[in-house]
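A short worksheet on the structure shown next.
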Protein chains: 2
Amino acid sequence: MKRANREDVARLAGVSTAVVSYVINNGPRPVAEATRSRVIAAMDELRYRPNASARALKLARTNVIGLLMWDITNPYFSEMAKYMQERAHERGYGLMIGNTGQDGIEETAELHNMLGREVDGIALSGVRRPETLTAIARSGVNVISMDWHLAAPDIPSVGIDDYGATREAVEHLLWHGHTEVGLIAGIDDLTLREKSWSDTMSARCTPERLKELTAYGDFTRQGGYQAAIDLLKRPNPPKAIFVSSDVQAFGVVRAVQHLGLNIPNDVAIISLDGTDASAFTYPSLTVIRLPLDEIAKHVVDKLTSHGADERMHTTFPHTLIPRESCGCVSPEHAGREDVRAFSHSQS
Amino acid sequence: MKRANREDVARLAGVSTAVVSYVINNGPRPVAEATRSRVIAAMDELRYRPNASARALKLARTNVIGLLMWDITNPYFSEMAKYMQERAHERGYGLMIGNTGQDGIEETAELHNMLGREVDGIALSGVRRPETLTAIARSGVNVISMDWHLAAPDIPSVGIDDYGATREAVEHLLWHGHTEVGLIAGIDDLTLREKSWSDTMSARCTPERLKELTAYGDFTRQGGYQAAIDLLKRPNPPKAIFVSSDVQAFGVVRAVQHLGLNIPNDVAIISLDGTDASAFTYPSLTVIRLPLDEIAKHVVDKLTSHGADERMHTTFPHTLIPRESCGCVSPEHAGREDVRAFSHSQS
DNA sequence: TTGTAAGCGTTATCAT
DNA sequence: ATGATAACGCTTACAA
C-alpha cells in the first residue's frame, strides 16, 4: 500500500493541498473549523505522515542537530548525549551522534558526514584538529564548541571555569592535609586544567618535582589505569591525585586498588566531571560536578534557536561534591553520603 | 554567499546538470574523463556539497538509521551505539539516537519522532510496549529487534541465547561450590533470563526459597544497588548472585562493599553483558560477554542492505569471562587476569 | 557521451 | 477562507 501524500489527503478531504499545509502547520493562513476537521479525518484515514525530506528541502532545514565527540562510551559524553537528546526532542529536533575516536582520526570524516546530512547545527566536544575548525568555518554551519572558548573566540562556546574548578579541586586535597597533589591528565588536551594544577602546585614544588607528579593517559578507563600505575610505581609517588576526568578516575581507582593501596588513606583522589557513574565506584569519587543537564539544554537551545541568544560564550558553575575518595565521607556511612555542595568556609 | 547547487556547478563546468549527477554518483551513465575533471574542478571551486534533503526526497531514502533504547547512559547501550555508529558510518549512514526512559514512557513519542524523520530503519533495544509494536507494524518501517525474537516472530531480530547464557552463569557459581545463587533482575523484562535462573535453581530450592533469593531493580546502577541492599539484608541471604545486566552489577558491587562484605568471599557475583566497563569495577566482574561489536555490525547491515539477508533471527555466541568477582582470579594478580574464554571442561 | 525535462512532497505566494 | 502553482535540488528516463 503506497504511502499517502498531501495530495491524497487534499483529494479525500475535498480541499486543496494548501489547506492541508495550513492545518498541519497551524498557519500561515487560518482554516475554518469544519474544513480543519475534515482534513484531520482524512489524514487519519490515510495514515498520513508528512514527508520530512520534502519539508527539509523546501525549508532548507532538517530539524536534526549533531553531536561530535570522542567516544559515546565515556560517561561524560553519554550523559551529555542523553540530556541533549531529551532537550532536542522537546524542541522538535533529532540528535545524530558521531564518534571521532581518541586520536580524533575520524574527526574530519565525521564532520563531513554530518555536514553532508544537512544537520542544522553541530555541537563539538573534544574536537580539536585544526583541519576540523577550518572545515567548519568554511562550511558556514551553525556550531557550538564545548571546549575551546579561547582558541576560537569567533565561534560560540560553552564551558565551565576549568581553571578555577581545578584549583578548587587541588586545594580541597591540600585542605585535607596533603602537601603534594599529583596530576593525571589527558594526552594533549584540557591544557587549562593542567595549567591550573601546575600554577597551584608550583608554590610548593620545584619544576622537576612537578614533572614527577604528572602522568598522562587518554580519556578512557584504561588510559587512567595505566597512567596511575605509571605514576604510583615511581620512587616517591604522590599521596593525593587530581584526575582531569571521571573516566580516567575510574581507571585510577582500579589501579590503586590493584596495587594494594587504600583509598583515601594511601592515595586520595578527586576528579573533574561529576558524572552519575562517579558515585558508584568504591570508594565513591569526590568530584567537581559539571551541570551536564544545564549545559546540554543551553547547547541545544543555542543550536535550535536562530541566533536569538547573542552571547558568544557561557560559563556554567561547578560544584564540589565531597565523597569517599578524598576522605570527606567514610565508607562506613553506607548510603548516607551528603551530596550537597561542599563549602570550605563552613569547615 | 549563497550555497552552490548542482546547476551552478553545471554552468561553471559547461555541462548539463545530469552530467554533474553522473560524476557524483559514478553513474548511471559513463562520463568522459576530461568532462569529469572539469566537473570536479567546478565542484571544488564552488565548494559544492550535494543537498541530502533533495536527494532523500528523490530517492525516498535518507541514509539515516535510528537506535531506540532505554538509556544511552547504560554502558551496554552506549557501547552498542558506538559500534553501530561506526558501522553505519562505514556504510554511508548516519545514526540517530532516541532514549525511551526506564519505564518506556517516551517509547511511542520517540518512535514517531524517528518515523517522522524518515529514517531508513530502526533498531529496537529494550523496547516492549505493545503500542510501540503495533505502531511499527503499521508504519511499515524497516526494523530489527534486539530483544524479542519470541514475542514477534514476524519481525527480524538478533540476540544471544539468554537461556543458555544464564544457565552457564549460574552453573559457574555453583561450580565454585555455592549451593544457592540469588537473582537480581530487571523490573519487568528479560524474563528468559529469570526463567533460566529459576529452572536451574529449582532443582536445589523450594519455590518459596526461590522468591527469597530474588530481588528486582531497574536497569541502572541505582536499581542494582537498591535491589542488592534489599536482597542482602534479608534473613538468610545468598552468598552468590547472578545479576541480569552489567549496569545493575555495578550497583550491586557498590552495595556489597557498602555493607562491609567481601567480594567474592562473602558474596560472589556474575553478570550478563560483558561491557568494557565491567573490567573496571573492583573487584572486576566475572561476566558472560556478549559480542556487542558483532551484533552491532549485523544490526546495521541488516538495516542498510535491502533485505539481502533472509534470516529472521540470528543468535550470537556468548563467552564466560572469569574475573575477580566470582573468585576465579584473585585481586592480587594485578593486571594479569586472563581474559580468554573460560571452559569448565578444562578444569 | 551528453542534454532535456519530469517529478519526488512540501511550502508559501499570489490569486480568487 | 481557500485554490492554483512555482519553487526547493536532485535523479534518471529518454532524446539527441
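Lettering of chains follows the sequences in order, A, B, ..., and the numbering in each one begins at 1. For clarity, every value in this text was computed on a predicted model and none was experimentally measured.
Between the CZ atom of B:Arg49 and the C1' atom of D:dG9 there is a distance of 13 Å, rounded to whole Å. Atoms CE (B:Met43) and P (D:dC10) sit 11 Å apart, rounded to a whole Å. Rounding to whole angstrom units, CG of residue A:Asn25 and P of C:dT10 are separated by 10 Å. Going from atom CZ of B:Arg29 over to atom C1' of D:dC14 covers 9 Å, rounded to whole Å. Rounded to a whole Å, the CG atom of B:Asn26 is 15 Å from the C1' atom of D:dT11. A straight line from OH of B:Tyr48 to P of D:dC10 spans 3 Å, rounded to a whole angstrom. Per the geometry, CD1 belonging to A:Ile24 stands 13 Å off P belonging to C:dG9, to the nearest Å. Regarding B:Arg61, its CZ atom lies at a distance of 11 Å from the C1' atom of D:dT11, rounded to whole Å.
No N or O donor and acceptor, one from the side chain of A:Lys58 and one from the base of C:dA12, sit under 3.5 Å apart. One can find a donor-acceptor pair under 3.5 Å joining the base of D:dG3 and the side-chain atoms of A:Tyr22.
With hydrogens and angles ignored, the 3.5 Å screen pairs no side-chain donor or acceptor of A:Arg87 with any backbone N or O of A:Val300. No donor-acceptor pair under 3.5 Å is formed between the side chain of B:Arg61 and the backbone N or O of B:Ala56. A:Thr35 contributes no side-chain N or O that, together with a main-chain N or O of A:Val31, makes up a donor-acceptor pair within less than 3.5 Å. Of the possible donor and acceptor atoms, one in the side chain of A:Gln102 sits under 3.5 Å from a partner among the backbone N and O of A:Phe219. The backbone N or O of B:Met69 lies less than 3.5 Å from a partner atom in the side chain of B:Thr100, making a donor-acceptor pair. A donor-acceptor pair under 3.5 Å links the side-chain atoms of A:Asp8 to the main chain of A:Asn5, judged by distance alone. With A:Asn25 contributing its side chain and A:Ser21 its backbone, the two residues share a donor-acceptor pair below 3.5 Å. Of the possible donor and acceptor atoms, none in the side chain of B:Asp71 sits under 3.5 Å from a partner among the backbone N and O of B:Asn99.
Summary of the strand contacts: B:Ala18 and B:Leu57 both lie near DNA chain D, and taking for each the nucleotide with the nearest heavy atom, the more 5' one is attributed to B:Leu57. Nearest-nucleotide mapping onto DNA chain C: of B:Val31 and A:Leu59, the residue sitting toward the 5' end is B:Val31. Toward the 5′ end of DNA chain D lies the nearest nucleotide of A:Arg38, the other residue of the pair A:Thr17 and A:Arg38 mapping further downstream.
Among the heavy atoms of the strands, none lies under 4.0 Å from B:Val20.
Annotation: proximity of residues 5-13 of chain B to DNA chain D (heavy atom, distance under 4.0 Å) is found for B:Asn5, B:Arg6, numbered in ascending order.
For the OP1/OP2 pair of C:dT2 and a distance below 4.0 Å, the side-chain nitrogens and oxygens of B:Thr35 include at least one atom meeting the criterion. Contact check, A:Arg55 against C:dT11: a side-chain N or O comes under 4.0 Å of OP1 or OP2. Residue A:Ser21 has a polar side-chain atom (N or O) positioned under 4.0 Å from OP1 or OP2 of C:dT11.
Among D:dC8, D:dC10, D:dT11, the nucleotide with an atom closest to any side-chain atom of B:Ala54 is D:dC10. Taking only side-chain atoms of B:Ala32, from C-beta outward, the nucleotide of D:dG9, C:dT2, D:dT12 with the closest atom is C:dT2.
Between B:Glu118 and A:Arg49, at least one side-chain N (NZ, or NE/NH1/NH2) sits under 4.0 Å from a carboxylate O, which counts as a salt bridge.
Considering CD1 of A:Ile160 and CD1 of A:Ile295, their distance stands at 7.0 Å, rounded to 0.5 Å.
Between its two ends, the helix from C:dT1-D:dA16 to C:dT16-D:dA1 turns its axis by 40°, counting five pairs per end and rounding to 10 degrees.
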